[in-house]
Amino acid sequence: MADSSLRSRRRRTKNEINMVPFIDVMLVLLIIFMVSAPLMPTGVVDLPSIGKAKQAPDKVIEVVLGKDNALTVSIDKSTPVAIDLAGLAERVKDEQDRAAGGPDSAPVIISARKDVQYDSVVQVMDKLQRGGVKRVGLAVRTTGG
(Lines give C-alpha, C1' and ligand atoms only; values in the text may rest on other atoms or scores of the structure.)
Protein backbone atom coordinates (compact mmCIF):
# COMPACT_ATOMS: atom_id res chain seq x y z
CA MET A 1 0.00 0.00 0.00
CA ALA A 2 2.86 2.34 0.68
CA ASP A 3 4.11 1.80 -2.87
CA SER A 4 0.80 2.68 -4.47
CA SER A 5 0.39 5.91 -2.45
CA LEU A 6 3.97 6.93 -3.29
CA ARG A 7 3.38 6.46 -6.99
CA SER A 8 0.16 8.46 -7.02
CA ARG A 9 1.88 11.44 -5.34
CA ARG A 10 4.62 11.65 -7.95
CA ARG A 11 4.18 14.06 -10.78
CA ARG A 12 3.84 12.62 -14.18
CA THR A 13 6.39 13.92 -16.67
CA LYS A 14 5.04 15.51 -19.81
CA ASN A 15 6.34 14.31 -23.13
CA GLU A 16 5.49 17.59 -24.86
CA ILE A 17 7.50 20.65 -25.82
CA ASN A 18 6.15 24.01 -24.79
CA MET A 19 5.81 26.03 -28.02
CA VAL A 20 4.86 29.37 -26.50
CA PRO A 21 8.45 30.65 -25.93
CA PHE A 22 9.42 29.57 -29.45
CA ILE A 23 6.47 31.46 -30.95
CA ASP A 24 7.30 34.54 -28.88
CA VAL A 25 10.90 34.58 -30.12
CA MET A 26 9.80 34.14 -33.73
CA LEU A 27 7.31 37.01 -33.47
CA VAL A 28 9.98 39.29 -32.02
CA LEU A 29 12.35 38.40 -34.88
CA LEU A 30 9.59 39.02 -37.42
CA ILE A 31 8.93 42.48 -35.97
CA ILE A 32 12.66 43.29 -36.01
CA PHE A 33 12.94 42.32 -39.70
CA MET A 34 9.76 44.21 -40.61
CA VAL A 35 11.04 47.39 -38.97
CA SER A 36 14.62 47.15 -40.30
CA ALA A 37 13.82 46.13 -43.91
CA PRO A 38 12.67 49.59 -45.09
CA LEU A 39 15.80 51.14 -43.56
CA MET A 40 18.22 49.00 -45.58
CA PRO A 41 19.80 50.84 -48.53
CA THR A 42 18.83 49.53 -51.94
CA GLY A 43 21.52 48.88 -54.53
CA VAL A 44 21.47 50.75 -57.81
CA VAL A 45 22.39 48.68 -60.85
CA ASP A 46 23.65 50.48 -63.94
CA LEU A 47 22.34 48.46 -66.85
CA PRO A 48 24.02 48.70 -70.25
CA SER A 49 22.22 50.54 -72.99
CA ILE A 50 22.48 50.21 -76.74
CA GLY A 51 22.23 52.61 -79.64
CA LYS A 52 23.94 55.54 -77.96
CA ALA A 53 27.17 55.64 -79.94
CA LYS A 54 28.15 59.09 -81.14
CA GLN A 55 29.52 57.83 -84.41
CA ALA A 56 29.45 54.46 -86.10
CA PRO A 57 32.90 52.90 -86.57
CA ASP A 58 34.45 53.05 -90.04
CA LYS A 59 35.18 49.34 -90.24
CA VAL A 60 33.26 46.55 -88.49
CA ILE A 61 34.29 42.91 -88.38
CA GLU A 62 31.32 40.59 -87.90
CA VAL A 63 31.71 36.98 -86.80
CA VAL A 64 28.54 34.99 -87.48
CA LEU A 65 27.91 31.73 -85.66
CA GLY A 66 25.38 29.73 -87.69
CA LYS A 67 23.92 26.25 -87.75
CA ASP A 68 26.13 23.45 -86.47
CA ASN A 69 28.56 26.07 -85.05
CA ALA A 70 29.72 27.10 -88.55
CA LEU A 71 31.75 30.33 -88.37
CA THR A 72 31.85 33.02 -91.03
CA VAL A 73 33.65 36.35 -91.01
CA SER A 74 32.33 39.43 -92.78
CA ILE A 75 34.22 42.73 -93.02
CA ASP A 76 32.10 45.84 -93.57
CA LYS A 77 29.07 43.78 -94.66
CA SER A 78 31.05 42.10 -97.42
CA THR A 79 30.50 38.53 -98.53
CA PRO A 80 30.92 36.19 -95.54
CA VAL A 81 33.93 33.90 -95.65
CA ALA A 82 33.86 30.53 -93.84
CA ILE A 83 36.59 30.03 -91.24
CA ASP A 84 37.40 27.56 -88.48
CA LEU A 85 37.72 28.44 -84.80
CA ALA A 86 41.49 27.84 -84.74
CA GLY A 87 42.25 30.52 -87.35
CA LEU A 88 39.60 33.00 -86.25
CA ALA A 89 41.68 35.16 -83.91
CA GLU A 90 44.56 35.44 -86.38
CA ARG A 91 42.26 36.46 -89.24
CA VAL A 92 40.46 39.07 -87.14
CA LYS A 93 43.74 40.46 -85.84
CA ASP A 94 45.05 40.80 -89.43
CA GLU A 95 41.89 42.66 -90.47
CA GLN A 96 42.18 44.98 -87.48
CA ASP A 97 45.78 45.76 -88.36
CA ARG A 98 44.70 46.75 -91.89
CA ALA A 99 42.07 49.16 -90.55
CA ALA A 100 42.63 52.86 -91.16
CA GLY A 101 42.65 53.75 -87.46
CA GLY A 102 45.43 51.33 -86.61
CA PRO A 103 45.43 48.13 -84.57
CA ASP A 104 42.35 47.42 -82.42
CA SER A 105 40.38 50.22 -84.10
CA ALA A 106 37.80 47.97 -85.78
CA PRO A 107 35.32 46.44 -83.33
CA VAL A 108 34.43 42.77 -83.61
CA ILE A 109 30.74 41.91 -83.34
CA ILE A 110 29.61 38.34 -82.72
CA SER A 111 26.20 37.41 -84.14
CA ALA A 112 24.56 34.08 -83.41
CA ARG A 113 21.28 32.39 -84.18
CA LYS A 114 18.76 31.88 -81.38
CA ASP A 115 19.19 28.13 -81.40
CA VAL A 116 23.00 28.22 -81.04
CA GLN A 117 24.18 27.08 -77.62
CA TYR A 118 25.52 29.77 -75.34
CA ASP A 119 28.69 27.75 -74.79
CA SER A 120 29.61 28.09 -78.47
CA VAL A 121 29.34 31.88 -78.30
CA VAL A 122 31.51 31.95 -75.17
CA GLN A 123 34.12 29.78 -76.89
CA VAL A 124 34.29 32.24 -79.81
CA MET A 125 34.61 35.20 -77.43
CA ASP A 126 37.30 33.40 -75.44
CA LYS A 127 39.27 32.52 -78.58
CA LEU A 128 39.20 36.14 -79.74
CA GLN A 129 40.22 37.54 -76.37
CA ARG A 130 43.06 35.02 -75.99
CA GLY A 131 44.19 36.00 -79.49
CA GLY A 132 44.62 39.62 -78.39
CA VAL A 133 41.43 41.12 -79.81
CA LYS A 134 40.34 43.85 -77.42
CA ARG A 135 37.06 45.22 -78.78
CA VAL A 136 34.61 42.30 -78.83
CA GLY A 137 30.85 42.76 -78.56
CA LEU A 138 27.62 40.90 -79.11
CA ALA A 139 25.02 41.85 -81.72
CA VAL A 140 21.54 42.53 -80.37
CA ARG A 141 18.20 43.00 -82.04
CA THR A 142 16.36 46.09 -80.87
CA THR A 143 12.60 45.79 -80.56
CA GLY A 144 10.07 48.53 -80.06
CA GLY A 145 10.70 52.23 -79.78
Side-chain angles (χ1 to χ4, degrees), residues 6-145:
L6 206 87
R7 287 184 189 171
S8 63
R9 289 187 210 165
R10 285 189 191 165
R11 289 188 170 188
R12 293 185 66 195
T13 58
K14 292 184 180 179
N15 293 336
E16 300 173 2
I17 297 174
N18 190 1
M19 293 296 288
V20 174
F22 176 71
I23 293 170
D24 290 344
V25 169
M26 295 308 290
L27 287 174
V28 168
L29 288 174
L30 178 67
I31 291 170
I32 289 171
F33 284 122
M34 287 174 59
V35 170
S36 64
L39 302 176
M40 305 272 294
T42 58
V44 177
V45 178
D46 292 328
L47 297 175
S49 59
I50 59 171
K52 296 197 178 188
K54 294 178 185 172
Q55 179 181 348
D58 296 332
K59 187 174 187 178
V60 176
I61 302 169
E62 185 177 16
V63 177
V64 180
L65 193 58
K67 286 184 180 180
D68 300 326
N69 296 337
L71 284 172
T72 57
V73 176
S74 174
I75 294 105
D76 288 333
K77 306 220 183 228
S78 65
T79 307
V81 177
I83 193 167
D84 61 337
L85 186 60
L88 177 66
E90 184 178 328
R91 170 73 191 265
V92 168
K93 201 69 168 147
D94 289 343
E95 290 297 330
Q96 280 187 333
D97 290 341
R98 288 186 207 150
D104 299 327
S105 64
V108 179
I109 298 173
I110 300 173
S111 301
R113 296 171 46 99
K114 276 188 193 179
D115 55 352
V116 172
Q117 289 185 355
Y118 182 70
D119 183 50
S120 301
V121 177
V122 171
Q123 285 178 358
V124 171
M125 287 179 70
D126 183 52
K127 188 69 171 177
L128 289 170
Q129 288 178 345
R130 287 180 190 261
V133 179
K134 293 186 173 85
R135 295 179 67 188
V136 178
L138 296 174
V140 295
R141 180 182 297 165
T142 58
T143 57

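Of the candidates Q123, R130, Q129, D126 forms a side chain to side chain donor-acceptor pair (under 3.5 Å) with just one, namely R130.
Under a 3.5 Å cut-off, the side chain of K127 and the backbone N or O of A89 do not form any donor-acceptor pair. Side-chain N or O atoms of S36 include one that pairs as donor or acceptor with a backbone N or O of I32 at under 3.5 Å.
When side chains are defined from C-beta on, V133 does not count as touching I61, because their heavy atoms never get closer than 4.5 Å. Annotation: side chain of R135 is not in contact with side chain of V108 (no heavy-atom distance under 4.5 Å). Contact of the L71 side chain with the V124 side chain is registered, since non-hydrogen atoms from C-beta on lie closer than 4.5 Å.
Atoms CE and CD1, on M26 and I31 in that order, are 12.0 Å from each other to the nearest 0.5 Å. Between L88 atom CG and K93 atom NZ the span is 12.5 Å, to the nearest 0.5 Å. For the atom pair D115 CG and R113 CZ, the distance stands at 4.5 Å (nearest 0.5 Å). For the atom pair CZ (R91) and CG (D84), the distance works out to 11.5 Å, reported to the nearest 0.5 Å. S120 contributes atom OG, which lies 3.5 Å from atom CG of N69 (distance to the nearest 0.5 angstrom).
For V64, the side-chain contact (heavy atoms from CB on, under 4.5 Å) partners two or more places apart in sequence, or in a different chain, are E62, T72, S111.
Under a cut-off of 6.0 angstrom, the local environment of CD1 in I17 is sparse, with at most 12 non-hydrogen atoms contributed by other residues, nucleotides or ligands. The neighbour count for D68 CG, taken as heavy atoms of other residues, nucleotides or ligands under 6.0 Å away, does not exceed 12.
Of all heavy-atom pairs between V35 and P38, the closest is O-CD, 3.4 Å. The two residues I109 and L138 make their nearest non-hydrogen contact at CG2-C, 4.2 Å.
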>> Apply side chain to side chain contact (heavy atoms under 4.5 Å, CB included) to residues I110 and M125 and explain how you reach the verdict.
In response: CA-CA 8 Å; I110 300 173; M125 287 179 70; 3.3 Å; yes

